[in-house]
Student: 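Can you read through this structure? Questions will come right after.
Counting from 1, the numbers follow the sequence of the chain as shown. All figures in this text were calculated on a predicted structure; none of them were measured in a lab.
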Amino acid sequence: MIEATATARTEFTSARVVLAFDLDGPTDEALISGEIWRRPGYFTFCASGPHRGVPRILDVLRDKAVQATFFTPAWVVRTWPDLCRRIVEEGHEMAGHGDRHETFYGLDRETQAGILRRSQRTFTDILGQPASGFRAPSGDLAPETLELLVEAGYTYSSSMRSGDRPYRHARVALTEIPAKSLFDDYAAFAYHRAPDFPRGLDRIAPYAPVFRSWMAEIDAAAEEGLTVPMIWHPEIIGTPGRTVLMDEFIGHLVGRPDVRIQRADEVAAECEAEVLRDLA
């Protein structure tokens, strides 16, 4: 069971929006098992994120003068080092997402610790500094993962689902920025055959209504002073047509007095200061 202490509450009514991208690339179980090398279609689908999606996304973020957070497996950093350095150079945050997008739940303590150590070493060697944030692949944390994150140098997590306010974990010095699955673009736009994903789904949602639903949630979040982190994937949100709508979506947020677009590490630092002030 994961326990929380004080919850960070904003002092004024506004939504904190984190444009968060899970830059998975061709990682996950197929890479771990080696199966991905026998499925070129699946590989190219996933690799389209770093190859095609991220450059489009960076162009949108630059044009709108906003910064984002990219939760990225260390394997992707090693495989696309120039792209990942570009992300940092353009002012965005690179955060941890495992080494090869491993599911932490079910792994023993030493295996988890090894993944986190390798990931931080990759970030330091290639990007010049370790990651401060972490998002568990699929949101699957083991009971000891939070403690291991702190030991590895992480200061915040954005792994939990269905929350709308950041909080401080009770037993470890770690801020949690929970996200909601409804902001996961895979739920609306992803479909891939062999292997089928999502299993049993045979259609993709119309684009515009999904973006309208996301905006409606942000409108309501602004009234309550909530935090909204996205769970967007470059291979999904970064297709040409969706990029156009993402551009318009972000454009509607920019300049709104009731919305602040922040990187996840900025939200974590702000919330940590709020919690400490409340506890003083």
Side-chain angles (χ1 to χ4, degrees), residues 7-23 53-54 56-72 87 90-95 97 132-135 139 156-167 175-189 207-234 236-238 242-274:
T7 298
R9 296 178 177 272
T10 54
E11 294 180 338
F12 50 89
T13 302
S14 67
R16 290 186 283 214
V17 175
V18 180
L19 302 175
F21 299 88
D22 287 11
L23 179 49
V54 172
R56 294 189 186 107
I57 290 165
L58 290 178
D59 286 346
V60 170
L61 298 176
R62 183 189 62 248
D63 291 345
K64 294 295 182 287
V66 295
Q67 295 179 331
T69 294
F70 289 79
F71 292 100
T72 310
I87 291 171
E90 295 190 10
H92 308 294
E93 177 193 9
M94 289 288 290
H97 200 40
S132 63
F134 176 83
R135 175 173 280 173
Y156 79 87
S157 163
S158 184
S159 304
M160 306 306 292
R161 297 290 190 266
S162 298
D164 48 29
R165 292 187 188 275
Y167 57 87
T175 297
E176 185 70 39
I177 307 175
K180 290 184 176 180
S181 295
L182 66 90
F183 287 102
D184 189 336
D185 55 1
Y186 255 85
F189 297 139
Y207 294 178
V210 174
F211 281 90
R212 287 199 298 270
S213 296
W214 288 339
M215 188 61 72
E217 285 293 324
I218 291 175
D219 290 342
E223 295 182 4
E224 296 187 35
L226 306 180
T227 299
V228 181
M230 303 303 175
I231 312 175
W232 286 349
H233 302 76
I236 303 300
I237 202 76
R242 295 169 197 152
T243 300
V244 171
L245 292 182
M246 180 182 65
D247 190 336
E248 296 175 356
F249 180 84
I250 295 174
H252 287 311
L253 299 179
V254 172
R256 281 181 56 166
D258 59 348
V259 171
R260 290 182 291 158
I261 298 177
Q262 296 179 285
R263 301 182 349 174
D265 59 345
E266 295 171 337
V267 172
E270 192 175 271
C271 293
E272 180 68 9
E274 293 171 1

Student: Could you report the tightest heavy-atom contact between Arg161 and Ser181, atom names first, then the distance?
Tutor: CD-OG, 3.7 Å

Student: Inspect the contact between Asp59 and Arg56 and indicate whether a charged nitrogen and a carboxylate oxygen are less than 4.0 angstrom apart.
Tutor: no

Student: Thinking salt bridges, do Asp219 and Arg212 make one under a 4.0 Å N-O criterion?
Tutor: no

Student: Relative to the ring of Phe71, is the ring of Tyr156 parallel (under 30°), tilted (30 to 60°) or perpendicular (over 60°)?
Tutor: perpendicular

Student: Side chain of Glu93, backbone of Ala68: donor and acceptor closer than 3.5 Å?
Tutor: no

Student: For residues Phe21 and His233, establish whether the separation of their ring centroids is below 6.0 Å.
Tutor: no

Student: Angle class for the Trp232/Trp214 ring planes (parallel below 30°, perpendicular above 60°, tilted otherwise)?
Tutor: tilted

Student: Do Ile57 and Met246 come within less than 4.5 Å of each other through their side chains, counting heavy atoms only?
Tutor: yes

Student: Rounded to the nearest 0.5 Å, what separation is found between the CZ atom of Phe70 and the CD1 atom of Ile87?
Tutor: 4.5 Å

Student: Set out, in order, the CA-CA distance, both residues' side-chain angles and the distance that settles side-chain contact (heavy atoms from CB on, under 4.5 Å) for Leu19 and Thr69, then state yes or no.
Tutor: CA-CA 6 Å; Leu19 302 175; Thr69 294; over 6 Å; no

Student: To the nearest 0.5 Å, tell me how far Ile177 CD1 sits from Asp164 CG.
Tutor: 13.5 Å

Student: Atom CG of Asp258 and atom OG of Ser14: how far apart are they, to the nearest 0.5 Å?
Tutor: 7.5 Å

Student: What's the shortest heavy-atom distance between Ser158 and Pro229, and which atoms?
Tutor: OG-CB, 4.4 Å

Student: Using modelled atom types only, decide if a donor and an acceptor are shared between the side chain of Arg260 and the backbone of Val17 within a distance under 3.5 Å.
Tutor: no

Student: If we only count heavy atoms from C-beta on, is the Leu61 to His92 side-chain gap below 4.5 Å?
Tutor: yes

Student: Under the side-chain contact (heavy atoms from CB on, under 4.5 Å) criterion, do Ile231 and Lys180 qualify, and how do the steps go?
Tutor: CA-CA 8 Å; Ile231 312 175; Lys180 290 184 176 180; over 6 Å; no

Student: Strictly distance-based, threshold 3.5 Å: is any side-chain N or O of Thr175 a donor or acceptor partner for the main-chain N or O of Glu272?
Tutor: no

Student: Looking at CG of Asp185 and CZ of Arg242, how far apart are the two atoms once the value is rounded to the nearest 0.5 Å?
Tutor: 8.0 Å

Student: So, does Thr72 use its side chain to make a donor-acceptor pair with the main chain of Met94 at under 3.5 Å?
Tutor: no

Student: Is a side-chain N or O of Gln67 found less than 3.5 angstrom from the main chain of Gly91, in a donor-acceptor match?
Tutor: yes

Student: Rounded to the nearest 0.5 Å, what's the gap from CD on Glu176 to SG on Cys271? Could you check?
Tutor: 11.0 Å

Student: Could you walk me through whether Thr243 and Ile237 pass the side-chain contact (heavy atoms from CB on, under 4.5 Å) test, one step at a time?
Tutor: CA-CA 6 Å; Thr243 300; Ile237 202 76; over 6 Å; no

Student: Can His97 and Asp22 be said to form a side-chain contact (heavy atoms from CB on, under 4.5 Å), step by step?
Tutor: CA-CA 8 Å; His97 200 40; Asp22 287 11; 3.7 Å; yes

Student: Atom CE of Met230 and atom CZ of Phe249: how far apart are they, to the nearest 0.5 Å?
Tutor: 4.0 Å

Student: Using the rule given for side-chain hydrogen bond (donor to acceptor under 3.5 Å, both in side chains), can you reason through Ser159 versus Arg135, listing the C-alpha separation, both sets of side-chain angles and the distance that settles it, and then say yes or no?
Tutor: CA-CA 5 Å; Ser159 304; Arg135 175 173 280 173; over 6 Å; no

Student: Taking the basic N atoms (NZ, or NE/NH1/NH2) and the acidic carboxylate oxygens, is any pair closer than 4.0 Å for Glu270 and Arg16?
Tutor: yes

